[in-house]
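Take a look at the structure set out below.
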Amino acid sequence: MSYKKATFEEALRIGSYFDWITPGFAFLKDLISGPSAHFGVPANIPYRRSDLKALLNHFGIHVWGMMYDLREDILMFTDKKREVEKAYRILLMAGIPVYYAPIDPPDFYI
């Protein structure tokens, strides 16, 4: 039993060496896209990442850098800073709780 656990942990450790690819791509996309904003939603929402991206894209909001933070059970993504309020409204109307966003909700009306 302990051998299997050690093997699994070793596989995770080796796999984590490649964990720089998505954050690296997101960083480059941040540089190219200008001012950006980061959102966090629960990882267990009833939407797949592609569904969430398609929902926001449908309303003209381009998102990138979708990553899971497994320690906190959060799905993180980035969009353009000028689209923050619109993205926040869409997420709320879709019933998706927002754990963090770069806005203060009382500052605007939904």
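The shown structure was predicted, so the numbers you read here are calculated from the model rather than taken from an experiment. In what follows, residues are counted from 1 in the order of the sequence shown.
- In this structure, Asn57 and Leu55 have side chains that are not in contact, with every pair of non-hydrogen atoms separated by 4.5 Å or more.
- Scored by the salt bridge (charged side-chain N to carboxylate O under 4.0 Å, His left out) test, Asp51 finds Arg48 as partners (sequence neighbours excluded).
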* To do: For side-chain contact (heavy atoms from CB on, under 4.5 Å), just list the numbers for Val84 and Asp79, CA-CA rounded to whole Å, side-chain angles, deciding distance to a tenth of an Å, and then say yes or no.
  => CA-CA 7 Å; Val84 168; Asp79 75 346; 4.2 Å; yes
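- Here the side chains of Leu91 and Phe39 are in contact, with some heavy-atom distance below 4.5 Å.
- Nearest heavy atom pair, residue Glu83 against residue Gly60, reads OE2-O, 3.3 Å.
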* Evaluation steps, side-chain contact (heavy atoms from CB on, under 4.5 Å), between Leu52 and Ile96 -> CA-CA 10 Å; Leu52 181 60; Ile96 300 171; 3.6 Å; yes
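- Contact annotation: the side chain of His58 never approaches that of Ile90 to less than 4.5 Å [non-hydrogen atoms, C-beta and beyond].
- Contact of the Tyr100 side chain with the Ile74 side chain is registered, since non-hydrogen atoms from C-beta on lie closer than 4.5 Å.
- Closest of all the heavy-atom pairs between Pro42 and Pro97 is CD-O, 3.0 Å.
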* Asked: Between Met76 and His38, is a side-chain contact (heavy atoms from CB on, under 4.5 Å) present by the stated rule, with each step listed?
  -> CA-CA 7 Å; Met76 303 173 294; His38 305 283; over 6 Å; no
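- Taking both residues in full, the closest heavy atoms of Met66 and Arg49 are given as O-NH1, 3.2 Å, listed atom of the first, atom of the second, then distance.
- Remark: the backbone N or O of Phe59 is paired with a side-chain donor or acceptor of Lys86 at under 3.5 angstrom.
- Counting only heavy atoms from C-beta outward, the side chains of Leu56 and Phe77 approach each other to under 4.5 Å.
- Annotation: the span from Tyr68 atom OH to Asn44 atom CG amounts to 9.5 Å, rounded to 0.5 Å.
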